[in-house]
Amino acid sequence: DLAEVFREGDYLPLYARGERREQVCAFARRYRGKWVLAAVPRFFTKLGDVNTRPVGEKAWGKEALPLPGDAPRTYHNVLTGEAVEVDPREKVITLGELFRRLPWALLVSR
């Protein structure tokens, strides 16, 4: 369904902010108004207890992933079925929200 986005779209590296910024690898692809965002954590052991899944606000606090100014404000996480909202004032997705149920995310703009 999204072959054109990956084949023809722009590649935009995304950089988390905050203390855990080095623990997230993320990028976006955009093409003709369609956006796909992919994000995964890295260095899991730096998040704390290695026996706990690195999900939710408990693991990520209020750390955030800033998005380009022209990025859409709502996404669908194709891995969980959840809607993900961008903070309209700061144009960020908090990592606790992004990794709410799984420690990885694949978002498609709505």
Nearest atoms (heavy-atom pairs only) where [X] meets [Y]:
{"X": "Ile93", "Y": "Glu85", "result": "CG1-O, 4.3 Å"}
{"X": "Ala16", "Y": "Leu95", "result": "CB-CD1, 4.3 Å"}
{"X": "Trp60", "Y": "Glu63", "result": "O-CG, 2.9 Å"}
{"X": "Val24", "Y": "Phe99", "result": "CG2-CE1, 4.3 Å"}
{"X": "Ala39", "Y": "Ala26", "result": "CB-CB, 3.9 Å"}
{"X": "Ala38", "Y": "Leu106", "result": "CB-CD1, 4.1 Å"}

For Tyr75 and Leu37: C-alpha separation, side-chain torsions, deciding distance, then whether side chain to side chain contact (heavy atoms under 4.5 Å, CB included) applies.
CA-CA 9 Å; Tyr75 294 86; Leu37 277 68; 3.4 Å; yes

Report yes or no: do [X] and [Y] belong to one cluster of Ile/Leu/Val/Met/Phe/Trp/Tyr joined by side chain heavy-atom distances under 4.5 Å?
{"X": "Tyr15", "Y": "Leu65", "answer": "no"}
{"X": "Val40", "Y": "Leu2", "answer": "yes"}
{"X": "Val92", "Y": "Trp35", "answer": "no"}

Residue from Glu57, Glu19, Glu90, Glu97 passing salt bridge (charged side-chain N to carboxylate O under 4.0 Å, His left out) with Lys62
Glu57

Quick one, [X] and [Y] - any side-chain contact, counting heavy atoms below 4.5 Å?
{"X": "Leu67", "Y": "Val86", "result": "yes"}
{"X": "Lys34", "Y": "Ser109", "result": "yes"}
{"X": "Leu107", "Y": "Leu98", "result": "yes"}
{"X": "Pro72", "Y": "Arg110", "result": "no"}
{"X": "Thr80", "Y": "Leu102", "result": "yes"}

Side chain to side chain contact (heavy atoms under 4.5 Å, CB included) between Asp10 and Tyr31, intermediate numbers included:
CA-CA 7 Å; Asp10 298 324; Tyr31 183 70; over 6 Å; no

Test item: Arg29 side-chain N/O and Val36 main-chain N/O as donor-acceptor pair under 3.5 Å:
no

Are Arg32 and Glu8 close enough, and set up right, to give a side chain to side chain contact (heavy atoms under 4.5 Å, CB included), and what steps lead you there?
CA-CA 10 Å; Arg32 294 187 177 174; Glu8 305 291 332; over 6 Å; no

Answer yes or no: is there an ion pair linking Glu82 with Arg100, defined by an N-O contact shorter than 4.0 Å?
yes

Inspect the contact between Asp70 and Arg30 and indicate whether a charged nitrogen and a carboxylate oxygen are less than 4.0 angstrom apart.
yes

Other residues, nucleotides and ligands only: do more than 12 of their heavy atoms fall within 6.0 Å of CZ on Arg7?
yes

